[in-house]
Amino acid sequence: MIDYHLHTPLCRHALGSPEEYLAAARQKGLREIGFADHYPLGLLGREPEAAVSMKPGELPGYIREIRALGAGEKEIAVKLGAEVDYLPGTEELLAELLAGDPFDFVIGSLHFMGDWDFTHPYHAHRYEEQPLEQIYSRYFELLWQACASGLFDIIGHIDGIKKFGHRLPDEAMEPYWRETARVLRANGLCFELNSSGKDAPAAEFYPGRRLLELCYREGVPVTLGSDAHGPEQVGRYFDEALALLREVGYRELAVFSQRRRSFIAMEESGR
Ligand SMILES: [Zn+2]
Ligand SMILES: [Zn+2]
């Protein structure tokens, strides 16, 4: 099994050293892990009041630390990644920055719509301040824009807008799901089954089953991540996640080295 979405305390809302995440992965019998801490928003000209990413000056140290951890580890492959915010208007800057970074993979995620951090519990009240249809429509437009940017390898917590349990009926969601699967496919992207949604008010993986089915049908590759912000969250709900992926039809998971994608069989990815 693999876990391709691990954070570190550098983002200021995660606990535990990278060594402790690695130890947790060993205990769970994982064969490959990927650190994907929050890329410095400061490099993109954004410094939200509550710090939610590493600082620009911390990026080189993060890279060194994860590489050193991997170099000292014989059994578990340790990949170096980042979770990068998609902020419209920063595409060129970000492309330049990422071209100079030695990442194995880059997860593109949405946490912000304008100045609203819609994934942050402190700002969850803003879901009540405009029609939900409007919020969803804005979210998916932004998501498809992120997919088309060519900046990312993996799209993170793809239906993260449901995090706090604000949902539209399935009939209203179907066109969004269909278009999302199509856009992923059209842009040669991978997405993650992110198990952290189970611990959010949404109480469901990102994405939910219907979008997973449509992605499988479109031939969109999937990878697996816990979005761990503490060592005890490494590999959370993975038995259930793998069972769901198998039910939907998936038999392999995407892995990355130097931003090139390959696949491992899900059978082999178990213990
Ligand atoms: Zn985080
Ligand atoms: Zn995220």
Side-chain angles (χ1 to χ4, degrees), residues 3-18 20-21 24 33-44 46-55 58-59 62 66 79-88 90 94 98 103 105-113 115-124 139-140 142-143 145-147 149 151-164 180 184 189-202 204-208 211 222-237 241 256:
D3 189 339
Y4 255 60
H5 195 145
L6 306 180
H7 289 279
T8 82
L10 288 174
C11 67
R12 287 164 180 80
H13 58 276
L15 298 170
S17 66
E20 291 173 298
Y21 285 76
I33 56 173
F35 284 88
D37 208 6
H38 294 282
Y39 194 78
L41 281 163
L43 289 177
L44 303 175
R46 178 75 71 99
E47 291 282 12
E49 344 139 27
V52 287
S53 72
M54 64 181 98
K55 291 200 155 61
E58 293 171 333
L59 183 59
Y62 166 71
I66 302 306
K79 297 296 174 68
L80 171 67
E83 182 180 20
V84 181
D85 277 276
Y86 176 69
L87 303 174
T90 63
L94 185 54
L98 290 177
F103 296 128
F105 64 98
V106 175
I107 300 177
S109 290
L110 301 184
H111 304 103
F112 294 94
M113 281 194 268
D115 66 344
W116 178 27
D117 181 347
F118 61 88
T119 64
H120 202 294
Y122 291 167
H123 309 298
Y139 174 84
F140 279 94
L142 201 58
L143 179 74
Q145 221 177 302
C147 291
S149 71
L151 291 163
F152 310 118
D153 306 306
I154 301 165
I155 298 299
H157 41 74
I158 195 156
D159 58 353
I161 192 67
K162 74 184 178 193
K163 179 172 182 180
F164 296 107
T180 297
L184 285 169
L189 277 162
C190 171
F191 70 108
E192 59 171 6
L193 181 62
N194 181 316
S195 61
S196 74
K198 292 281 282 188
D199 287 334
E204 184 185 79
F205 294 135
Y206 307 117
L211 181 49
V222 70
T223 190
L224 181 59
S226 66
D227 212 339
H229 285 71
E232 76 288 353
Q233 294 172 345
V234 173
R236 59 178 143 178
Y237 310 113
F256 292 83

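Order of listing sets the numbers, starting from 1, for every ligand and every atom in it. Residue indices begin at 1 and follow the sequence shown. All values below come from the heavy atoms of this structure, side chains included, with hydrogens, waters and symmetry mates left out.
Because the distance cut-off is set at 2.8 Å, Cys11 fails to qualify as a neighbour of the Zn ion (ligand 1), as none of its N, O or S atoms comes that close. Within the 2.8 Å limit, Asp227 places no N, O or S atom next to the Zn ion (ligand 2). Residue side and main chain included, His157 places an N/O/S atom under 2.8 Å of the Zn ion (ligand 2). Residue side and main chain included, His111 places an N/O/S atom under 2.8 Å of the Zn ion (ligand 2).
Rounded to 10°, the angle that NE2 of His38 and NE2 of His229 form at the Zn ion (ligand 1) is 130°.
Phe35 and Tyr21 have perpendicular rings, their planes meeting at more than 60° on a 0 to 90° scale where under 30° would count as parallel.
Residues Pro9 and Leu15 approach most closely at CG-C, 4.3 Å, considering heavy atoms.
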Test His111 against Asp117 for side-chain hydrogen bond (donor to acceptor under 3.5 Å, both in side chains), laying out the working first. CA-CA 5 Å; His111 304 103; Asp117 181 347; over 6 Å; no
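Between the side chains of Glu83 and His157, at least one donor N or O lies within less than 3.5 Å of an accepting N or O. Judged purely by distance below 3.5 Å, without hydrogens or angles, the side chains of His38 and His13 pair a donor atom with an acceptor atom.
Atom OE2 is the N, O or S atom of Glu83 at the shortest distance from the Zn ion (ligand 2).
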